[in-house]
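Structure in C-alpha cells, see below.
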Protein chains: 2
Amino acid sequence: MRQKKKSELLTEVELEFMTELWDLGEGTVRDVLDKLPEDRNLAYTSAATILRILEQKEFVTSRKDGKRHVFKPTLGKDAYQTRSLKDLSMKLFDDTPASLVARLVNDDALTEEALGQIRALVDRRLKNDSG
Amino acid sequence: MRQKKKSELLTEVELEFMTELWDLGEGTVRDVLDKLPEDRNLAYTSAATILRILEQKEFVTSRKDGKRHVFKPTLGKDAYQTRSLKDLSMKLFDDTPASLVARLVNDDALTEEALGQIRALVDRRLKNDSG
DNA sequence: TTTGTGAAACGAAAGTTTTCGTATTTACTC
DNA sequence: GAGTAAATACGAAAACTTTCGTTTCACAAA
C-alpha cells in the first residue's frame with residue numbers, strides 16, 4: 001500500500017486563501033473571494049472548492065450561519081510561519097537557522113533600518129532568556 | 001494571450017536535484033542519481049528528464065563529455081537562497097524581513113548558540129556598513 | 001562490421017493542484 | 001406552496017509536476 005504523502009504545507013493557492021482568512025479572522029467563500037485582487041478573476045465555485053479542500057486537510061473548520069458556511073483557520077499564521085521557516089531551513093540551509101539569517105543579512109537589498117530591527121529582536125530575546 | 005507563468009522557483013524535485021548539483025559542482029545523470037538516498041528508487045530516465053527540464057528552465061547548462069552530458073548550475077545556491085527568502089518573506093511575512101527573523105528567534109526550538117551566531121552576523125554586517 | 005552496453009531523446013502515463021460547470025439545496029418573498 | 005436569488009455539493013476538465021517505457025544513438029570490444 002502506498003503511503004499517502006501528507007505534506008503539512010499549503011499549496012500556492014491554499015496559502016493565498018489562508019492569508020485572507022488570517023487577515024479576516026474568519027469568513028465565507030464570498031468574503032475571501034471579494035478580498036482577492038481585482039485581476040484574480042476566480043470563479044465562485046473555484047473558491048468554494050479551495051475552501052472545501054482546506055477543510056478536508058484540516059487547515060480550517062467551518063460552521064453554518066444561515067445558509068452560508070463561515071470558515072476559520074485552525075492553524076495560526078504565526079504557527080504556519082514557523083513551520084515554513086523550518087521547512088525552508090531544512091531544505092535549503094542545512095537545517096541551520098543561523099545560515100538562513102546569514103543569507104538574509106547579506107542581502108544588499110536589506111535596509112539599515114531592517115538590520116537594526118533585527119538586532120533589536122535578537123537582543124531582546126537573549127536578554128529575556130538570561131534575565 | 002495568456003501569460004506563461006514563469007515561477008523562477010524550483011519545484012520539489014527540481015530542488016532535490018539542484019541541491020546535489022550544488023554539492024557536486026557539476027555532474028552527470030548518473031552522478032546525481034547515485035547521490036540520492038538509498039530508498040529514493042528513481043528510474044534513470046526519470047532523473048534524466050528532471051535534468052532536461054532544469055536545462056529547459058535554464059537552471060543548469062550542459063556540456064558533452066564523450067557520450068555523456070555533464071550538468072552544471074547556472075544559478076548559485078546562495079543566489080537561490082536569497083530568492084527563496086525573498087519569496088517567503090513576500091508571501092508570508094508582509095515583505096518585512098525583520099518579521100521573518102522575529103518569528104525565527106521566537107521559535108523555542110532555537111538554541112542559545114544559534115541566537116548568538118545570529119547576533120554576531122547582524123553586528124558584523126552593521127559594523128561593515130558604517131565603518 | 002557486428003554486437004553489446006550505457007546514455008540520450010522523446011513521448012506519454014501517473015499523480016497532484018487548480019479551475020470550473022452543472023445540479024441541488026437553502027432561505028426568503030409573495 | 002411556487003418562484004427566485006444565492007450558496008453548497010460534487011465531479012471532472014485543465015494545468016502542472018513527477019515518473020517511466022521505448023526507441024534511438026554513441027562508443028567500445030571482438
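Quick note on labels: first sequence line is chain A, next is B, and so on, each numbered from 1.
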Quiz item: Whole Å only: how far is the CG atom of L42(B) from the P atom of dT18(D)?
Solution: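 The distance from CG of L42(B) to P of dT18(D) comes to 11 Å, rounded to the nearest Å.
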Exercise. Please state whether the phosphate of dC20(D), meaning OP1 or OP2, lies under 4.0 angstrom from any side-chain nitrogen or oxygen of S46(B).
Key: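 So the side-chain polar atoms of S46(B) do come within 4.0 Å of the phosphate oxygens OP1 or OP2 of dC20(D), strictly under.
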Practice problem: Assign A48(B) to base, sugar-phosphate, or nothing according to its heavy-atom contacts below 4.0 angstrom with the strands shown. | Solution: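 Counting heavy atoms under 4.0 Å across all strands, no contact is made by A48(B).
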Quiz item: Looking at R30(A), does any N or O in its side chain come under 4.0 Å of the phosphate oxygens OP1/OP2 on dA7(D)?
Solution: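 For dA7(D), OP1/OP2 do have a side-chain N/O of R30(A) under 4.0 Å.
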Quiz prompt | Whole angstrom value for the distance that separates P of dT18(C) from CG of L54(A) | solution =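 Going from CG in L54(A) over to P in dT18(C) covers 10 Å.
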Quiz item: Quick one: which of dT19(D), dT18(D), dA7(C) gets closest to the side chain of K67(B)?
Solution: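 Of dT19(D), dT18(D), dA7(C), dA7(C) is nearest to the side chain of K67(B).
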Quiz prompt | Value in whole Å for how far the C1' atom of dA7(C) lies from CZ of R63(B) | solution =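 My rounded result for the distance is 16 Å.
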Quiz item: Counting side-chain heavy atoms from C-beta on, which of dT19(C), dG6(C), dA9(C) comes nearest to H69(B)?
Solution: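 Looking only at side-chain atoms, H69(B) lies closest to dA9(C).
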Quiz item: Which whole-number value in Å describes the distance from Q56(A) CD to dT17(C) P?
Solution: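 Computing the Q56(A):CD to dT17(C):P distance gives 12 Å.
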Self-check item: Parallel, tilted or perpendicular: ring planes of W22(A) versus Y80(A), cut at 30 and 60 degrees
Solution: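 Correct class here is tilted.
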Quiz item: Out of dT18(D), dG11(D), dT18(C), which has the shortest distance to the side chain of I53(B)?
Solution: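 Closest nucleotide to the I53(B) side chain: dT18(D).
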Quiz item: Is a side-chain N or O of S99(A) found less than 3.5 angstrom from the main chain of A102(A), in a donor-acceptor match?
Solution: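 Side chain of S99(A) to backbone of A102(A), a donor-acceptor pair under 3.5 Å: no, none is there.
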Quiz item: Between T45(B) and N41(A), which is nearer to the 5' end of DNA chain C once each is assigned its nearest nucleotide?
Solution: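 On the 5' side of the pair lies T45(B).
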Practice problem: Round to a whole Å and report the spacing from CZ of R52(A) to P of dT18(C). | Solution: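 Distance check: R52(A) CZ to dT18(C) P gives 14 Å.
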Exercise. Without swapping roles, check the side chain of E14(B) against the backbone of I50(B) for a donor-acceptor pair under 3.5 Å.
Key: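 Between the backbone of I50(B) and the side chain of E14(B) there is no qualifying donor-acceptor contact (under 3.5 Å).
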Quiz item: Under the 3.5 Å rule, do the base of dC20(D) and the side chain of T49(B) count as making a donor-acceptor pair?
Solution: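 Side chain to base: pair found, below 3.5 Å.
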Exercise. Starting from P on dT18(C), measure out to CG on L15(A) and report it in whole angstrom.
Key: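 Computing the L15(A):CG to dT18(C):P distance gives 10 Å.
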Practice problem: Tell me, with the steps shown, if D107(B) and R103(B) meet side-chain contact (heavy atoms from CB on, under 4.5 Å). | Solution: CA-CA 6 Å; D107(B) 183 351; R103(B) 182 60 54 212; over 6 Å; no
Quiz prompt | Earlier contact from the 5' end, DNA chain D, for Y44(A) and A47(B) | solution =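 On the 5' side of the pair lies Y44(A).
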Quiz item: From dA8(C), dA7(C), dT17(D), pick the nucleotide closest to the side chain of K57(B)?
Solution: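 So the side chain of K57(B) is nearest to dT17(D).
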Exercise. Starting at atom CZ of F17(A), determine the distance to atom P of dT19(C), rounded to an integer number of angstrom.
Key: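 Nearest whole value for this atom pair: 8 Å.
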Quiz item: Closest to the V13(B) side chain: dT17(D), dT19(D), dT5(C)?
Solution: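 Selected nucleotide (nearest to the side chain): dT19(D).
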Quiz item: Does D94(B) reach the main-chain N or O of T96(B) with its side chain, forming a donor-acceptor pair under 3.5 Å?
Solution: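 No; zero donor-acceptor contacts below 3.5 Å.
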Quiz item: Rounded to the Å, how far apart are L10(B) CG and dC16(D) P?
Solution: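 Spelled out: CG on L10(B) to P on dC16(D) is 17 Å.
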Exercise. Please tell me which of K64(A) and E14(A) maps to the more 5' nucleotide of DNA chain C, matching each residue to the nucleotide holding its nearest heavy atom.
Key: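 It is E14(A), whose closest nucleotide lies nearer the 5' terminus.
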Exercise. Verify the distance criterion only: is there a donor paired with an acceptor across the side chains of D31(B) and T28(B) at less than 3.5 Å?
Key: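 Their side chains do contain a donor-acceptor pair, which is all the 3.5 Å distance test asks for.
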Quiz item: From dT19(C), dA7(D), dA8(C), pick the nucleotide closest to the side chain of V29(B)?
Solution: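 Between dT19(C), dA7(D), dA8(C), the one nearest the side chain of V29(B) would be dA8(C).
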